[in-house]
Amino acid sequence: MSKSLRPILIVTAIILIAALALILLIFVFPSKSSGDDAEATPEATSDPSSNVKIIDESDSDLVSFEMLPADGESLLVEIDRSEDGTLSYTVTPAAEYFDYDTSKFRSMMFSLTSVSATNTVELNAPDLEKYGLADPWFIVRSTYADGRVIDLYIGNATPTDKNYYICIGGTNDVYTLGSYLVGLLTRQEYEYRDIELFPYYEEEEAYTNISYVKMTLRDGTEIELSLEDTSNFSEGNTMSSAYYMTLPTQSSCNDTIVQSAVIDSVAQLSSTSILADITEDEYAEYGFDKPAELEMRDLLGNSVDILVGGRYNSSYYYTMLKESPGTVIICEATAFDWLDVNYIELMTRTAWFVYITDLESIEYDMDGDFYLMEMEHGTRETEDGRTQSTVDATINGEPITETNCRRLFVRTLTFRIIGDVTDLSSIPTEAKYTITMHRINGDDMVMELYELNDRQYALGIDGVVEYYIYKKNVTTLLNAFDVVMSGGELPMSFES
């Protein structure tokens with residue numbers, strides 16, 4: 001060896017020995033910092049390894065799976081395979097009001113037999129409680145053809161990355177799983193239900209297929225409409241309209257308004273999702289203590305009867321099938337535009353129309369019997385946060401109920417036109433009845449009724465005689481005064 005190389009090799013050896021000694025010093029005798037005594041947390045023990053396959057089975061070997069929430073009803077799905085490979089399912093508890101969506105069972109089979117963790121947190125963890133896995137809030141149990149049972153425990157949410165701690169039952173190896181997959185694996189029983197509220201009809205199809213609609217408004221007003229058989233119109237459908245109203249009164253309808261205000265709306269009825277199962281004690285929270293109601297049928301025999309609660313938000317309503325009380329379904333708000341409909345607007349032409357909130361009083365001269373109904377208007381807030389109008393009323397100074405005031409007012413509006421006056425010479429010179437509406441803004445509307453025969457009257461508004469009406473409209477109003485003045489309560493429905 002050259003003498004000139006010997007010093008270089010010696011120096012190099014010394015440097016290597018020193019470096020090795022330093023490494024041993026660091027890893028064998030690490031320095032102790034104040035943080036070493038702190039209790040370990042799930043974050044502090046995390047291992048950066050990821051995408052660990054913790055369940056890797058064949059879905060064809062899966063014979064059942066069971067959802068076992070710590071708080072709630074369990075669901076057992078047993079899988080039956082026919083010789084041709086067709087799958088069927090036996091579910092416990094069996095569906096009572098709804099069928100189950102079997103496509104979700106098939107999806108669950110794929111998801112459950114191939115589970116990859118997002119991260120390894122701690123292998124052989126001495127304490128599962130800090131991860132929520134000593135007493136997990138959800139267990140998904142899968143059973144295979146060879147008799148093996150795998151329990152997937154789902155624990156607490158992680159502090160930062162929206163995952164969940166998981167482990168396989170009987171082990172102490174802790175991993176994390178993404179929240180999306182956890183959501184699929186932890187579906188509650190009600191989330192597997194298949195709910196088809198009513199067939200969807202587009203535009204013109206709805207007008208020829210939806211045959212019956214009954215709407216019960218939140219104030220109890222019932223509006224019942226039927227699609228007429230054009231070869232056999234109902235006896236009371238004097239105008240041969242496509243739709244016939246049977247509640248709260250019997251009347252031909254303004255078909256265009258019925259279609260735009262009612263049919264276009266109810267045809268949008270479809271479920272968005274099932275929100276929850278609730279108890280009667282929770283009804284008020286969702287607006288079902290004072291619900292509206294929608295009943296509907298089509299020509300094929302499909303039907304639905306649904307209760308309408310409060311708003312879920314600006315776009316949706318809470319609803320509930322009447323036959324399945326307690327299951328809250330979220331539906332599009334557009335299907336409930338009818339909630340504020342006024343049935344008078346749905347009828348064939350009426351002689352006059354005004355909102356009760358615009359009136360100060362109504363003066364009746366009924367062939368020598370005089371009545372003055374005076375009104376004071378106010379508002380109140382409903383339990384679901386809506387503002388509702390109120391009215392305090394008297395007749396000839398004596399208080400009457402708000403119900404009687406409103407129902408008497410409706411009968412005052414219900415003078416249905418059956419034809420236009422063509423011969424003014426046949427009209428008597430003196431009106432038998434006169435009704436004057438006094439608006440709050442100071443304007444008046446005056447109706448005069450002229451008796452023509454035992455069936456018909458001529459009707460004039462503000463001095464202009466234009467229409468013919470049936471005498472029945474007049475007798476209905478006279479009978480209403482008899483009930484109110486004797487202290488009775490007017491029924492909601494009446495004949496017109």
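Remark: the backbone N or O of Thr436 is not paired with any side-chain donor or acceptor of Asp444 at under 3.5 angstrom. A donor-acceptor pair under 3.5 Å is absent between the side-chain atoms of Ser234 and the main chain of Asn237, judged by distance alone. Thr319 contributes a side-chain N or O that, together with a main-chain N or O of Ile329, makes up a donor-acceptor pair within less than 3.5 Å. In terms of modelled atom types and a separation under 3.5 Å, the side chain of Thr475 and the main chain of Lys472 share a donor-acceptor contact. Between the side chain of Ser107 and the backbone N or O of Ser103, no donor-acceptor pair lies under 3.5 Å. Panel note: side chain Asp462, backbone Val446; a donor-acceptor pair is recorded below 3.5 Å. Here the side chain of His377 pairs a donor or acceptor atom with the backbone of Leu359 at under 3.5 angstrom. In terms of modelled atom types and a separation under 3.5 Å, the side chain of Asn396 and the main chain of Leu372 share a donor-acceptor contact. In this structure, the side chain of Ser265 does not engage the main chain of Ala261 through any donor-acceptor pair within 3.5 Å. Looking only at distances, a side-chain donor or acceptor of Asn404 sits under 3.5 Å from a matching main-chain atom of Leu490.
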Would Tyr286 and Leu275 count as a side-chain contact (heavy atoms from CB on, under 4.5 Å) if you check the C-alpha gap in whole Å, the side-chain angles of each, and the deciding distance to 0.1 Å? CA-CA 11 Å; Tyr286 296 88; Leu275 180 68; 3.8 Å; yes
Stepwise side-chain contact (heavy atoms from CB on, under 4.5 Å) check, Lys214 with Thr246: CA-CA 10 Å; Lys214 182 179 179 183; Thr246 48; over 6 Å; no
May I have the step-by-step check of side-chain contact (heavy atoms from CB on, under 4.5 Å) for Thr414 and Met347, ending in yes or no? CA-CA 9 Å; Thr414 309; Met347 297 167 60; 3.7 Å; yes
Please report the C-alpha distance between Tyr433 and Leu478 in whole Å, then the side-chain angles of each, then the deciding distance to 0.1 Å, and finally whether the side-chain contact (heavy atoms from CB on, under 4.5 Å) criterion is met. CA-CA 11 Å; Tyr433 306 107; Leu478 292 172; 3.7 Å; yes
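For Glu402, the side chain to side chain donor-acceptor pair (under 3.5 Å) partners two or more places apart in sequence, or in a different chain, are Arg406. With sequence neighbours left out, the side-chain contact (heavy atoms from CB on, under 4.5 Å) criterion links Ser88 to Asp80. Ser315 meets the side-chain contact (heavy atoms from CB on, under 4.5 Å) test with Asn313; sequence neighbours excluded. Partners of Tyr89 under the ring pair (Phe, Tyr, Trp, His ring centres under 6.0 Å) rule, at least two apart in sequence or in another chain, are Phe105. In terms of the side-chain contact (heavy atoms from CB on, under 4.5 Å) criterion, residue partners of Asn453 (sequence neighbours excluded) are, by chain and number, Arg455, Gln456. Checked against ring pair (Phe, Tyr, Trp, His ring centres under 6.0 Å), Phe481 has the following partners two or more places apart in sequence or in another chain: Tyr364, Tyr371. By the side chain to side chain donor-acceptor pair (under 3.5 Å) test, Glu360 pairs with no residue at all, sequence neighbours left out. Qualifying ring pair (Phe, Tyr, Trp, His ring centres under 6.0 Å) partners for Phe353, counting only residues two or more places apart in sequence or in other chains: Tyr355. Applying the salt bridge (charged side-chain N to carboxylate O under 4.0 Å, His left out) criterion to Arg187, with sequence neighbours excluded, gives no partner residue. Listed by chain and residue number, Glu489 satisfy the salt bridge (charged side-chain N to carboxylate O under 4.0 Å, His left out) test with Arg407 (two or more places apart in sequence, or in another chain). Residues passing the side chain to side chain donor-acceptor pair (under 3.5 Å) test with Tyr207 are Asp264, sequence neighbours excluded. Lys471 is linked by a salt bridge (charged side-chain N to carboxylate O under 4.0 Å, His left out) to nothing, counting only residues two or more places apart in sequence or in another chain.
Looking at Ile257 and Val262, their side chains never come closer than 4.5 Å, going by heavy atoms from C-beta outward. Between Asp358 and Asn441 the shortest side-chain heavy-atom distance does not fall below 4.5 Å. At least one side-chain heavy atom of Leu87 sits less than 4.5 Å from a side-chain heavy atom of Met109. You'll find the side chain of Ile435 reaches within 4.5 Å of the side chain of Phe415, heavy atoms only. Put simply, the side chain of Asp101 does not reach to within 4.5 Å of the side chain of Tyr192, judged on heavy atoms. Side-chain contact between Phe138 and Leu152 is absent, with no heavy-atom pair separated by less than 4.5 Å. Counting only heavy atoms from C-beta outward, the side chains of Trp352 and Thr412 approach each other to under 4.5 Å. Residues Leu413 and Val354 form a side-chain contact, since some pair of their non-hydrogen atoms from C-beta on lies under 4.5 Å apart.
When all heavy atoms of Tyr212 and Ser226 are compared, the closest pair comes out as CD1-OG, 3.6 Å. Considering every non-hydrogen atom in both Leu177 and Ser116, the closest pair reads CD1-O, 3.3 Å. Of all heavy-atom pairs between Phe409 and Ile362, the closest is CD1-CD1, 3.9 Å. Of all the heavy atoms in Leu225 and Cys253, the pair that sits closest is CD2-SG, 3.8 Å. Across Gly309 and Tyr317, no two heavy atoms sit closer than the pair O-CD2, 3.6 Å. Phe288 and Leu307 make their closest contact through CE2-O, 3.8 Å (heavy atoms, listed as atom of the first residue, atom of the second, distance).
Of the residues Leu294, Val304, Val266, the one that meets the side-chain contact (heavy atoms from CB on, under 4.5 Å) test with Phe198 is Val304.
Leu227 contributes atom CG, which lies 6.5 Å from atom CG of Leu299 (distance to the nearest 0.5 angstrom). Taking CD of Glu222 as the reference point, atom CG of Leu247 lies at 5.5 Å (rounded to 0.5 Å). A distance of 11.0 Å separates NZ of Lys162 from OG1 of Thr160, quoted to the nearest 0.5 Å. Atoms OH and CD1, from Tyr467 and Ile418 in turn, are 13.5 Å apart once rounded to the nearest 0.5 Å. Summarising the geometry, atom CD belonging to Glu224 is positioned 12.0 Å from atom OG1 belonging to Thr249; distances are rounded to the nearest 0.5 Å. Rounding to the nearest 0.5 angstrom, the gap separating the OG atom in Ser426 from the CG atom in Leu424 is 7.5 Å.
Atom CG of Asp443 has more than 12 neighbouring heavy atoms from other residues, nucleotides or ligands inside a 6.0 Å radius.
Checked by atom type, the side-chain pair Asp277/Thr327 shows a donor-acceptor distance below 3.5 Å. Of the N and O atoms on the side chains of Thr221 and Asp219, at least one donor lies less than 3.5 Å from an acceptor on the other residue.
Between Tyr312 and Tyr318, the ring planes lie perpendicular to each other; the angle is over 60°, past the 30° to 60° tilted range.
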